[in-house]
Each structure stands twice: as C-alpha cells, then as structure tokens.
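To start, the structure under review is shown below, and the notes come after it.
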Amino acid sequence: LAKTTQPISMDSYEGQEVNITCSHNNIATNDYITWYQQFPSQGPRFIIQGYKTKVTNEVASLFIPADRKSSTLSLPRVSLSDTAVYYCLVAPSSNTGKLIFGQGTTLQVKP
Amino acid sequence: DVKVTQSSRYLVKRTGEKVFLECVQDMDHENMFWYRQDPGLGLRLIYFSYDVKMKEKGDIPEGYSVSREKKERFSLILESASTNQTSMYLCASSYRNTGELFFGEGSRLTVL
C-alpha cells in the first residue's frame, strides 16, 4: 500500500504558479496518482489523475517523473478561490484495495 | 453529473445512542467508501465496499459497522455512539478502483 507524504501547508500570492509535491516511494507498477481539492464544509473534489509523465487539464497539470516515486500538482496563476486543502491519492490496481489519503496540503492564497 | 447524497448534514446524538448515516449514489458505481475527517488528521478510511453485501475494513473500523444491501446505498452504523466519534463523515463512490472518487457533502456528527 503506497503511503503518501505532502507538505502540511503552503502560502502563495494571487497570480503565482503553485507546485505541490507528493512523495509515494513504494508506489506499485499499476497504481495511478490522483489529486483532490477540498473547500471548507465540502467533500473533496477530483482534480486530475495520471500514471506517468505529464497530464494537463483546464484546472491543473500533473508531473510524474520516470521513477514515479513522487508527483507534482501545478496550479497556474492561482487566485484567492484556490485556497483549499489538496490531497494526493495513490490508487491501487486491485479493485479491492484500500484508497488511503494522506494528510493533505493546506494552500493559502494571499492577495 | 454523479451525485452522492448523504442523508443528514448535521446530527447531534447522545452517548450510547445508535446512529445511522446513509449514503446514496446515482451512477451505478461498484465501490463505495466511508471516511471520517478530523482537524490535523486528514481523511481516514473507516470501511469500503466493492460490491453488494461485500465490505472491507479500512484503517479505523473500530466502533463502526456498515451495510450494503443495494448497490446504490452504503450505510455507516455507530452501534453505541461515543464522544470520540464526533467528526465529519464523508461518503464516496467510484467506478471500480479507478481512484476517481465522488464525494458527498459530508455529515457532521456531534456526540454529547
């Protein structure tokens, strides 16, 4: 079971690019890496998922190096509304495997 | 859009009461999950189910049980609520174990 480690908190300013890195040293060959965003009093929301190299969607980019032992969520030009908790999740290939979240990174965007 | 609905947003119960938290999803997902969330501890998995009548323990199953009699419904049961079960409870579902979970809005339980 891949355990994930993320920074507890990060600060940024509006308009900056924010990169949040997640470490998952014992990721298995068929595991996928997924990121979630959570606002206060809401459930987490899926942002992006990847297996290797780079994935981009309208919200974020996800960079995964060749060894896949870490991944970086990149948020371009953040705004105040991006203030949230961001979770990294490694999804095991087995359908009966546990989906264990890490502690998440609280991102505070300042004006 | 996938909708995961949790029966109550806020509940207040007394120590020793039996508590039912209901979760319903409308996308025919195989997998359903119950997490609890506490400040500083992130999301912790209580139980999950990958099929009707199937259940697997998560990291913190003690004091909880679950029921999945129908594919769309996953219930979390606290047989005898205790104050240390005061928390936010989040239900989620997914198509198999893709890692793309859809969460409900959460149920905030207070046990007095």
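In what follows, chains are A, B, ... by sequence order, proteins preceding strands, each numbered from 1.
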**Item:** Heavy-atom contact with chain A under 4.5 Å, split by part of B:L90
**Value:** side chain

**Request:** Give the minimum heavy-atom separation between B:E100 and A:Q49, together with the two atoms involved.
**Result:** N-NE2, 4.1 Å

**same_hphob_cluster(B:Y47, B:L101) at 4.5 Å side-chain heavy-atom cutoff** = no

**Prompt:** Rounded to the nearest 0.5 Å, what separation is found between the CD atom of A:Q38 and the CZ atom of B:F103?
**Reply:** 8.0 Å

**Asked** Which pairs count as side chain to side chain donor-acceptor pair (under 3.5 Å) when at least one residue sits in residues 4-13 of chain B, sequence neighbours excluded?
**Response** B:Q6-B:S107

**Item:** Connected via hydrophobic side-chain network under 4.5 Å: A:V18 and A:L80
**Value:** yes

**Prompt:** How far does OG of A:S41 sit from CZ of B:R108, to the nearest 0.5 angstrom?
**Reply:** 6.0 Å

**Request:** Examine B:M88 and B:Y64 and state if one hydrophobic cluster contains both, with Ile, Leu, Val, Met, Phe, Trp and Tyr joined whenever side-chain heavy atoms are less than 4.5 Å apart.
**Result:** no

**Prompt:** Given side chains that start at C-beta, do those of A:P44 and B:L43 come closer than 4.5 Å, heavy atoms only?
**Reply:** yes

**Request:** Could you tell me whether a side-chain N or O of A:Y87 sits under 3.5 Å from a main-chain N or O of B:G42, the two making a donor and an acceptor?
**Result:** no

**Request:** Could you check if a side-chain atom of A:F101 sits within less than 4.5 angstrom of a side-chain atom of B:L45, using non-hydrogen atoms only?
**Result:** no

**Prompt:** Would a 4.5 Å heavy-atom cut-off, applied to side chains only, mark B:Y35 and A:L99 as touching?
**Reply:** yes

**Prompt:** Can you tell me if OH on A:Y13 sees more than 12 non-hydrogen neighbours from other groups inside 6.0 Å?
**Reply:** no

**Prompt:** Are the ring centres of A:F46 and B:F102 closer than 6.0 Å?
**Reply:** no

**Request:** Look at the side-chain heavy atoms of Ile, Leu, Val, Met, Phe, Trp and Tyr, link any pair under 4.5 Å apart, and say whether A:F63 and A:Y32 land in one connected group.
**Result:** no

**Fill in**
Smallest heavy-atom separation, B:G99 atom then A:A91 atom, equals CA-CB, 3.6 Å

**Item:** Residue A:Q103 versus chain B: region with a heavy atom under 4.5 Å
**Value:** both

**Asked** Cluster question for you: counting only ILVMFWY and a side-chain heavy-atom cut-off of under 4.5 Å, with indirect links fine, are B:W34 and B:V24 together?
**Response** no

